[in-house]
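These notes are about the structure you will find just below.
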Amino acid sequence: MPTAILALGGNALARADEPATITNQFRHARESVAPIVELAKQGWRIVIVHGNGPQVGDELLCNEVARKFAEPLPLGVLVAETAGWIGYMLQQSLQNALAAARVQRDVVTLITQTLVDRYDPALSQPTKPIGHSLSEQEAARLREQGRAVGRDGAGQWRRMATSPLPLGVVEFPVIQRLLDAGALVVAAGGGGPPVYQDPILGLEGVDAVVDKDRVSSILATQLGAEVLMILTNVEAVYEGWGTPKARPVRHMTVEQAEQMIAAGALDAGGMKPKMEAAAAFVHRGGKRAIIARLSDGPAALRGETGTTITRTV
């Protein structure tokens, strides 16, 4: 059966309009797996990659508040930590939903490491929003403490972290073996803790976060997946976004996608990295990439909604 990589945003679990309690996040995790169960019924080999922007920002804040009582953890370790507990929520929710649907598929959460270039210039430029939105006063206080803050794609103040480009997922052969065994795999959570290859020490961690959509694209290529699905909170990619003439684009070639990116028509903090990840996957030989609303996953796979990117029309 074909392989699909599904990329879910961390904001799908910790929404901006409500407290980010574990109860709320578990509720959203249970809601999010319904389309995945439908694909599992059809026999798809599935890897789920999730974001962790709100969650890792919260963990970083907890570390700083408690630093007088416990040794703070590096950001890379916090990425691994959130990958574990978000994976646990998705795994348990999927197990329950599969059992209710009488689908016999194992679900596995695998903590994976993402290879990056230790000399990536992005490691000196904090540009990746994490945590929740901040007030003007909170942003000013963090700046006084030497923390990086900036505006996100929605114009909200957020904490910022460095975000190097991913080169590959270290454990992709393990993911492949799990897929071959019929398991649904939750991997590269939060983009995976970034690491570089030291010539003497081997793998060494980096204090940064990696964009989960870019990692999903790289992993899809490594696994030879037929489909990369980036599932978000909007229906599709829109032409003329933010204008009265805005309309969803149902299909585009990779060349058209790259032209839209180059034209600066996409939100740098929102749709742009998703489009870049989708176009890169197809450009490297992937059959198709889809950007769609989470609940529309199966329909988008059938071409009924969302935006599909292919090499040719």
Donor-acceptor pairs are to be reported for all side-chain atoms of residues 229-240 against protein atoms at under 3.5 Å, with residues two or more places apart or in another chain.
from : atom 1 : to   : atom 2 : distance (Å)
E235 : OE1    : Y238 : OH     : 2.9
E235 : OE2    : R250 : NH1    : 3.3
E235 : OE2    : R250 : NH2    : 2.4
E239 : OE1    : R247 : NE     : 3.0
E239 : OE1    : R247 : NH2    : 2.9

Which distance, rounded to the nearest 0.5 Å, do you find between the OH of Y196 and the CD of E204?
5.0 Å
Would you check, one step at a time, whether the test side chain to side chain contact (heavy atoms under 4.5 Å, CB included) holds for L165 with D120?
CA-CA 7 Å; L165 289 174; D120 189 326; 3.8 Å; yes
Any side-chain to backbone donor/acceptor pair from S133 onto Q156? Under 3.5 Å, distance only.
no
Between E304 and R293, is there a salt bridge with N-O shorter than 4.0 Å?
no
For E276, side-chain hydrogen bond (donor to acceptor under 3.5 Å, both in side chains) partners two or more places apart
R214
Drop me the distance from C62's SG to R67's CZ, to the nearest 0.5 angstrom.
12.5 Å
Any chance you could measure Q91, atom CD, to L110, atom CG, to the nearest 0.5 Å?
10.5 Å
Fellow cluster residues of W157, listed by chain then number, with links counted only when side-chain atoms sit under 4.5 Å apart:
L134, L142, V149
With the 4.5 Å side-chain cut-off for hydrophobic clustering, are I291 and L294 part of the same group?
no
Who are the side-chain hydrogen bond (donor to acceptor under 3.5 Å, both in side chains) partners of S216, not counting sequence neighbours?
none
Just verifying a value: how many Å separate I36 CD1 and L8 CG, rounded to the nearest 0.5 Å?
5.0 Å
Other cluster members, M160 - Ile/Leu/Val/Met/Phe/Trp/Tyr, side-chain contacts below 4.5 Å
none
Could you identify which residues cluster with L75, counting Ile, Leu, Val, Met, Phe, Trp and Tyr as linked when any side-chain heavy atoms lie under 4.5 Å apart, either directly or through a chain of such contacts?
V56, L60, L73, V77, L78, V79, I130, V209
Hydrophobic cluster membership, I309 vs V215, 4.5 Å side-chain cutoff:
yes
Scan I48, L98, V185, L90 and name whichever one has a side-chain contact (heavy atoms from CB on, under 4.5 Å) with V107.
L98
Nearest non-hydrogen partners of V210 and P194, listed with the distance
CG2-CB, 3.7 Å
Go through the structure and list residues passing salt bridge (charged side-chain N to carboxylate O under 4.0 Å, His left out) with R118, not counting sequence neighbours.
D198
Side-chain donor-acceptor distances from residues 122-129 under 3.5 Å, at least two apart:
from : atom 1 : to   : atom 2 : distance (Å)
S124 : OG     : P121 : O      : 2.8
K128 : NZ     : D211 : OD1    : 2.7

Checking side-chain polar atoms at under 3.5 Å, does T310 have a donor or acceptor matched by the opposite partner on H251?
yes
Just wondering, are more than 12 heavy atoms of other shown residues or ligands nearer than 6.0 Å to CG in N96?
yes
Contacts of R284 meeting side chain to side chain contact (heavy atoms under 4.5 Å, CB included) (sequence neighbours excluded), chain-then-number -> S217, I218, T221, A280, F281
Same hydrophobic cluster for V227 and V254, using side-chain heavy-atom links shorter than 4.5 Å among ILVMFWY?
no
Determine, step by step, whether E31 and H28 satisfy the side-chain hydrogen bond (donor to acceptor under 3.5 Å, both in side chains) criterion, reporting the C-alpha distance in whole Å, the side-chain angles of both residues, the deciding distance to 0.1 Å, and the verdict.
CA-CA 5 Å; E31 295 166 353; H28 295 313; 3.0 Å; yes
Give the intermediate values and the outcome of side chain to side chain contact (heavy atoms under 4.5 Å, CB included) for residues I290 and L228.
CA-CA 6 Å; I290 299 168; L228 168 66; over 6 Å; no
Looking at CG of L6 and CH2 of W44, how far apart are the two atoms once the value is rounded to the nearest 0.5 Å?
9.0 Å
Contacts of P173 that satisfy side chain to side chain contact (heavy atoms under 4.5 Å, CB included) - sequence neighbours left out
R177
Does R302 CZ have over 12 foreign heavy atoms under 6.0 Å away?
yes
I'd like to know if E64 and R141 make a salt bridge, using a cut-off of under 4.0 Å between side-chain N and carboxylate O.
no
Begin with the C-alpha distance, continue with both residues' side-chain angles, and end with the deciding distance and a verdict on side-chain hydrogen bond (donor to acceptor under 3.5 Å, both in side chains) for Q55 and T82.
CA-CA 7 Å; Q55 295 88 351; T82 53; over 6 Å; no
Inter-residue atom distance T308.OG1 - L301.CG, 0.5 Å rounding:
8.5 Å
Is it possible for you to say whether V174 and V169 belong to one hydrophobic cluster, with membership spreading through side-chain heavy-atom contacts below 4.5 Å?
yes
Have a look at I86 and tell me which of L13, T109, V186 forms a side-chain contact (heavy atoms from CB on, under 4.5 Å) with it.
L13
Evaluate the salt bridge (Lys or Arg N to Asp or Glu O under 4.0 Å) criterion for residues E18 and R27: first the C-alpha distance (whole Å), next the side-chain angles of each, then the deciding distance (0.1 Å), finally the verdict.
CA-CA 12 Å; E18 64 181 22; R27 176 165 52 86; 3.4 Å; yes
Members sharing V65's hydrophobic cluster (side chains within less than 4.5 Å):
L61
Examine V49 and V33 and state if one hydrophobic cluster contains both, with Ile, Leu, Val, Met, Phe, Trp and Tyr joined whenever side-chain heavy atoms are less than 4.5 Å apart.
no
I need the minimum non-hydrogen distance between P273 and D213, along with the two atoms involved.
O-CB, 4.4 Å
Count the heavy atoms belonging to other residues, nucleotides or ligands that lie under 6.0 Å from CD of Q145, then report whether that count exceeds 12.
yes
Applying the side-chain contact (heavy atoms from CB on, under 4.5 Å) test to P164, which of D117, L115, V116 qualifies?
V116
Test side chain to side chain contact (heavy atoms under 4.5 Å, CB included) on V170 and T114 and set out the steps.
CA-CA 6 Å; V170 175; T114 298; over 6 Å; no
With T3 via side-chain hydrogen bond (donor to acceptor under 3.5 Å, both in side chains) - residues at least two apart
R45
Assess whether a salt bridge exists between R159 and E59, defined as any Lys/Arg side-chain N lying under 4.0 Å from an Asp/Glu carboxylate O.
no
Test side chain to side chain contact (heavy atoms under 4.5 Å, CB included) on E255 and R311 and set out the steps.
CA-CA 8 Å; E255 183 179 358; R311 274 170 278 182; over 6 Å; no
